[in-house]
Amino acid sequence: MKRGDMEARYNFKEIEPKWQRRWEADELYKVAEDEGKPKFYCLEMFPYPSGNLHMGHVRNYSIGDVVARYKRMRGFNVLHPMGWDAFGLPAENAAIKHGIHPAEWTWNNIANMRRQLMAMGISYDWEREIATCHPNYYKWTQWLFLQMYKHGLAYRKKAAVNWCPSCATVLANEQVVGGACERCGTPVTHRDLEQWFFRITAYAERLLQDLKKLPGWPEKVKVMQENWIGRSEGAEVVFTVAGSGQEIPVFTTRPDTLFGVTYMVLAPEHPLVEELTRGTPYEGPVREFVEAARHLSALDRTATEKEKEGLFIGAYAVNPVNGQKIPIWIANYVLMEYGTGAVMGVPAHDERDLAFARKYGLPVKVVIRPPEGELDAATMAEAYVEPGIMVDSGPFSGLPSEEGKERIIRYLEEKGIGKRRVNYKLRDWLISRQRYWGAPIPIIYCDQCGTVPVPEEDLPVILPEGVEFKPTGESPLKDCPDFVNTTCPACGKPARRETDTMDTFVCSSWYFLRYTSPHSREVPFERDKVDYWMNVDQYIGGVEHAILHLMYARFFTKALYDFGLVGVEEPFQNLLTQGMVLKDGGKMSKSKGNVVSPEDIIERYGADTARLFILFAAPPERDLEWSDHGVEGCYRFLNRVWRLVYNYSGKVRGVEAGQGEIKLGSRADRELYRLIHATIKKVTEDIEERFNFNTAISAIMEMVNGFYHYQDNVPEGEQNLPLVKMGLKNLVTLLAPFAPHIAEEMWQGIGEEGSVHLESWPTYDPQALKTEEVTIVVQINGKVRDRLQVPAGLREEDLKEAVLSRDKIASLLSGQQVLKVVVVPDKLVNIATRQGG
RNA sequence: GCGAGAGUGGCGGAACAGGCAGACGCCCGAGACUUAAAAUCUCGUGGACCGUUUGGUCCGUGCGGGUUCGAGUCCCGCCUCUCGCACCA
């Protein structure tokens, strides 16, 4: 049974692979720079090649493909690439567990996932595919590291790393869950090692400020980054140790409370702690306290309401503004990494300080009083943290505290005992990983010359293949003499290579640039190409990367801008964070046994159905509840579209669908015509303005329903074939970004040439949307009481007249006094009444 | 605790600018086709009530107030859930 080229039955198993092959052979999605067209860079976060696509990927890439295909049809030159975030821990775990080499494991996974992605029919330019574990890629990751080093943005210092005593290995931050080892649950401790860092803190202010330049980002993500950067304004005040005069700078956001300081607290790790207690009776207990704090610090972080523990260390500090002597304590809640590692205690005006002071019987001194009322230091149960009037503060007494802040800062600067300071929570980015499966850090250590960067012409520093994976706690590269032993590029003497590899987030911080010239052997990316394509017009991915990946990529882009390598300061113009795919109200998980495999769905219903369902079930930003019945419904819908097109395919082949000059004889014709144009409008706006693919698809469903209505109710001889043809063309075109294979097949089925994906996106005729008649709702006191049909555009007075003259309304109004009549033309009339009159 | 978002039928979700609440889909029900079933098609489907039918009345968007001719939508006060941050001086 054939009609034209179309089979009676929708056979996705045949048509999907067929069109995928055709697209590839025709290089339909291959793209090059073209100054004649506006460009559009559409990017989805590239996946870690875990081995199999999951529903989150399907969602991510289906959303991206709608955008890419739509923009292409709108005449944009669209870059839509895909690649692999291919370095990382699971590859090594697989090596330890199954004895398979990480490289082999990774490349196998990539091959499988590429096959799965291709089966989804996503419109990628596969010639631009990249994998971060390929030497041609990580050569440039290393090169970029060297640029960072050259510009002083990469440096080495001693730092604590996460250490699992049971596995005897170093852990990445992502492997520490709730202060314990992800694999064995043993509490994680810290070890001090020499580590490489990127100086992201140098960009803290710009990373914060430039968030304002990103109106196309979700507010949520920007707020998360803002919190992460954690800017706070205040002052650094230099206290001195009583007697010795050693300086202890503290950071405070409340310089106005400086006269209320009654004690000082140092972080247990503060270098002065040992110095001040050495040889005193306090030495022993303090050391014990410090040891305990260090030990606990990993778990400490996650404890919700940790009791504040402190200890007096036997020394005193001098408050520089009033010369007062105050005791120095150490406490577990003071962090060495933030500020200066020392805090001034103002119990009257800080919640924590008050709790601490009350617990240890430290004095409380009020220096800010509320605009009305007094505070009693002895009895106050809550710290007064609001602004107020300064009291008991020497020359500053009587000032409003906000003004006092400024005045005290100026005073500190004049006297040289402090200065204005802005502080950030953001820390430098530790990029060293004591791991094998990553890009080697291109550094050589020479006994004579010290730390020497690998010369650029020697890149890449190849990751050697023959290594053993033992849980020694050090990079497996350490046991690979051929790798470690080298000669110093500066003096030629024997030297050792750095054996740590880079955090995988380094690799993913610049991959969007590489896509613009993925095969270049001379440079990481060609300047003219990167200038043509950047920045990414639409970036799409999970919100779990809201901070790390997105912040690092922004940092890289800014640094590369400063190095003169790129012309943009922000990588991603617009960001869409998609919600999770849930099942039974929760995450799909192996332990629950409710994982739905994309491959199974594609096998049973085809890629078009899978894509359609996942786009239809919820708007992209919201979480999506997976429903097998829902998938079934989408499959039914595609079959329904297929049958409609099939029924007409023989009749409309060869019929010209001249958009403008279609004769609309009957009312049914006019209704269908209107429906077609209303659908074009709705679908266009839903995609363009709001990414509401769910409502766009429901509009297409309504169009199909309307089409069936026409088919079933207009006698065959009276059906307007040019109109039908025009409608079917539009229907197929509108469906193309969502269900690309079936659209292509139907396009051919109605006798059209070429690929539907090369067609222009349809435009609607605003005239067509105007109806001749409109339904007016009549309300009395806000309740719907009647409806009437009137010609569209009826004037207010006429409409009012028409409504009030209706028998039904008149009878409803009898015995009522009309207070007011509100008329909304073409929509509604509301009559406000009162009993009686 | 702080910040962000969300609460609408049996379910997923619509309602874009304050104007017919529940589009579209699922589930469920009835009918058509069929020897039968599946598939498909058509119709119905928020709740309560009234009416012999056409139809009609009342209630209804987490809760309580308010503004308005009119509130899912705006304002005030609460409740619940999700996510993120959480001793940051």
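Values below: all heavy atoms of this structure, side chains included; hydrogens, waters and symmetry mates excluded. In what follows, chains are A, B, ... by sequence order, proteins preceding strands, each numbered from 1.
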Worksheet entry | Out of B/rU40, B/rG84, B/rC20, whichever nucleotide has its closest atom nearest the side chain of A/Met224 |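 Within the option list, the nearest is B/rG84.
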Starting at [atom1] of [X] and ending at [atom2] of [N], how long is that distance when rounded to a whole Å?
X: A/Trp217; N: B/rA4; atom1: CH2; atom2: P; result: 19 Å
X: A/Arg421; N: B/rC88; atom1: CZ; atom2: P; result: 16 Å
X: A/Asn227; N: B/rA4; atom1: CG; atom2: P; result: 10 Å
X: A/Leu675; N: B/rA23; atom1: CG; atom2: C1'; result: 13 Å

Worksheet item: Checking A/Arg231 side chain against A/Glu205 main chain: does a donor-acceptor pair fall under 3.5 Å?
Response: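 Side chain of A/Arg231 to backbone of A/Glu205: no pair is present.
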Worksheet item: Do A/Lys220 and B/rC83 share a donor-acceptor pair, side chain to base, under 3.5 Å?
Response: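 Answer no: no donor N or O sits under 3.5 Å from an acceptor.
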Item to complete: Remember a base hit wins even if backbone is also touched, and classify A/Ser627 as base, sugar-phosphate or nothing at under 4.0 Å, heavy atoms.
Response: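 The residue A/Ser627 makes no contact with any strand.
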Practice prompt. Tell me which residues in residues 821-831 of chain A put a heavy atom below 4.0 Å from RNA chain B, sorted by number, or none.
Written response: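 Hits under 4.0 Å, by residue number: A/Val822, A/Val824, A/Lys827, A/Leu828, A/Asn830.
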Discussion item. Within residues 701-716 of chain A, which residues have any heavy atom lying less than 4.0 Å from an atom of RNA chain B?
Written reply: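 Under 4.0 Å from RNA chain B: A/Met701, A/Glu702, A/Asn705.
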Mind checking whether [X] and [Y] have side chains closer than 4.5 Å, heavy atoms only?
X: A/Pro271; Y: A/Met336; result: yes
X: A/Val221; Y: A/Leu575; result: yes
X: A/Arg420; Y: A/Glu233; result: no
X: A/Asn227; Y: A/Ile547; result: no

Worksheet item: Is the number of heavy atoms from other residues, nucleotides or ligands under 6.0 Å of A/Arg358 CZ greater than 12?
Response: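 Yes, because the 6.0 Å sphere around CZ of A/Arg358 holds more than 12 heavy atoms from other groups.
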List every contact pair, protein side and nucleotides 13-17 of chain B side both N or O, where the distance is under 3.5 Å.
{"from": "B/rG13", "atom 1": "O3'", "to": "A/Asn694", "atom 2": "ND2", "distance (Å)": "3.4"}
{"from": "B/rA14", "atom 1": "OP1", "to": "A/Asn694", "atom 2": "ND2", "distance (Å)": "3.1"}
{"from": "B/rA14", "atom 1": "OP2", "to": "A/Arg622", "atom 2": "NH2", "distance (Å)": "3.1"}
{"from": "B/rA15", "atom 1": "OP1", "to": "A/Arg690", "atom 2": "NH1", "distance (Å)": "3.4"}
{"from": "B/rA15", "atom 1": "OP1", "to": "A/Arg690", "atom 2": "NH2", "distance (Å)": "3.0"}
{"from": "B/rC16", "atom 1": "N4", "to": "A/Lys682", "atom 2": "NZ", "distance (Å)": "2.8"}

Worksheet item: With a 3.5 Å cut-off and no angle check, do the side chains of A/Asn705 and A/Arg640 form a donor-acceptor pair?
Response: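 A donor-acceptor contact under 3.5 Å links the two side chains.
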Paired with [N] by Watson-Crick or G-U wobble geometry, both distances under 3.5 Å: which nucleotide is it?
N: B/rC69; result: B/rG19
N: B/rC2; result: B/rG84
N: B/rC58; result: B/rG47

Worksheet entry | Syn/anti state for B/rG9 [syn: chi within 90° of 0] |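 Syn, since the glycosidic angle lies within 90° of 0.
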Discussion item. Under 6.0 Å between ring centres: does that hold for A/Phe356 and A/Tyr263?
Written reply: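 Aromatic pair counts; centres sit under 6.0 Å.
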